[in-house]
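Accompanying notes for the structure given below.
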Amino acid sequence: MSKRGQTRHLDIRTHPTSSTGKEDAGVFFIGTATTILEWRGIRVLTDPNFLHAGDHVHLGPGVTSQRRTNPAIELDKLPELDCILLSHYHEDHFDRIVEDSLNRDFPIVTTPHAKRCLTSSSRSEPFKSVYALDFFESMLLECRNSSETGHDESATPAIKVTGMPGKHVPPGPISKLNDLLNAVPPTNGWLLELGWATGMRDISHHGNPASEFRTSYRIYISGDTLFVDELKEIPKWLEGKQIDLMLIHLGGTTIPGALAPLVMVTMDAKQGLQLIRLINADITIPIHYDDYDVFLSPLTEFMKEIEQAGLQDQVVYLDRGDQYRFTV
Ligand SMILES: [Zn+2]
């Protein structure tokens, strides 16, 4: 079934126009929306999904999907991690094996809906360290290795996480029906600000830590959203601050599936281009584009859109197992 142990030459990519050779941070692409973001000893795992080609996920009443790809590494081979960032509670982003095997105390930052599911007292083993962020709410994650300091000796490297708007179902009657059926869960995007915190030592300070935090690098992750009006709030909220790197969930996920393509619930190539124009990030990396049979918009479609728009210099393509290095 799965092709474990397959070897392939894995690439390290940098900014297409300005590599210094001394990049101090990276995004490692594992597959679907699963990545490891690493900077100064802090490691954040996004949307953990370690299923293999041929495995199935359940995505709502009557909707299942088969995985077509393998993750770049196995779940039990992961390096030490600080937290999981979970955009929404859907099996192609948090599969059952991950859910069963994860230590109950492991920190997870997610949506209020996913927090309710993961911590529910009706579960046999509820998770105990789940932090919910609504749209535009923030919290600070700090480095395990707090001996590292910045230019200012009292500052430690930290990542500030802010929930960003997202809509996994199109607005209108389908959205109303979805609210009734509770079929497709609500989703967040994320803004990750890599920077320096002063006077804070513990992981997971809730609330707005902005007064004690200096941002050096901004990463926006779209989450499983469509291109909806709510996303236009993001540049307004940023007030002109530049996004350095965007991870964009594509795939044009269409349910219930290819045989009955009724409702698209993630961005396809055209919507991806719209989001690139809206966010205007320095670099965009597409993820979540070919791993399941409900992903009907292939990456080649997106590449064509980008080429026609003349935006090739703003996009870096990663295969599973590739890493993008950058400087904070
Ligand atoms: Zn998804």
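Predicted model, so just to flag it, every value in this text is computed and none were measured. Start at 1 and go down the list; that is how both ligands and their atoms are numbered.
Within the 2.8 Å limit, His90 places no N, O or S atom next to the Zn ion (ligand 1). Put simply, Asp92 gets within reach of the Zn ion (ligand 1), with an N, O or S atom under 2.8 Å from it. At least one N, O or S atom of His288 sits under 2.8 Å from the Zn ion (ligand 1).
To the nearest 0.5 Å, the span separating CD1 on Ile234 from CZ on Phe135 amounts to 9.0 Å.
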- [ ] Step by step, work out the salt bridge (Lys or Arg N to Asp or Glu O under 4.0 Å) result for Asp290 and Arg320.
- [x] CA-CA 11 Å; Asp290 68 350; Arg320 279 164 292 275; 2.8 Å; yes

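Residue-environment remark: NZ (Lys241) exceeds the threshold of 12 foreign heavy atoms within 6.0 Å.
Transitive grouping of hydrophobic side chains (ILVMFWY, heavy atoms separated by less than 4.5 Å) keeps Leu296 and Val265 in distinct clusters.
Among the heteroatoms counted here (N, O or S) of Asp224, OD2 is the one nearest to the Zn ion (ligand 1).
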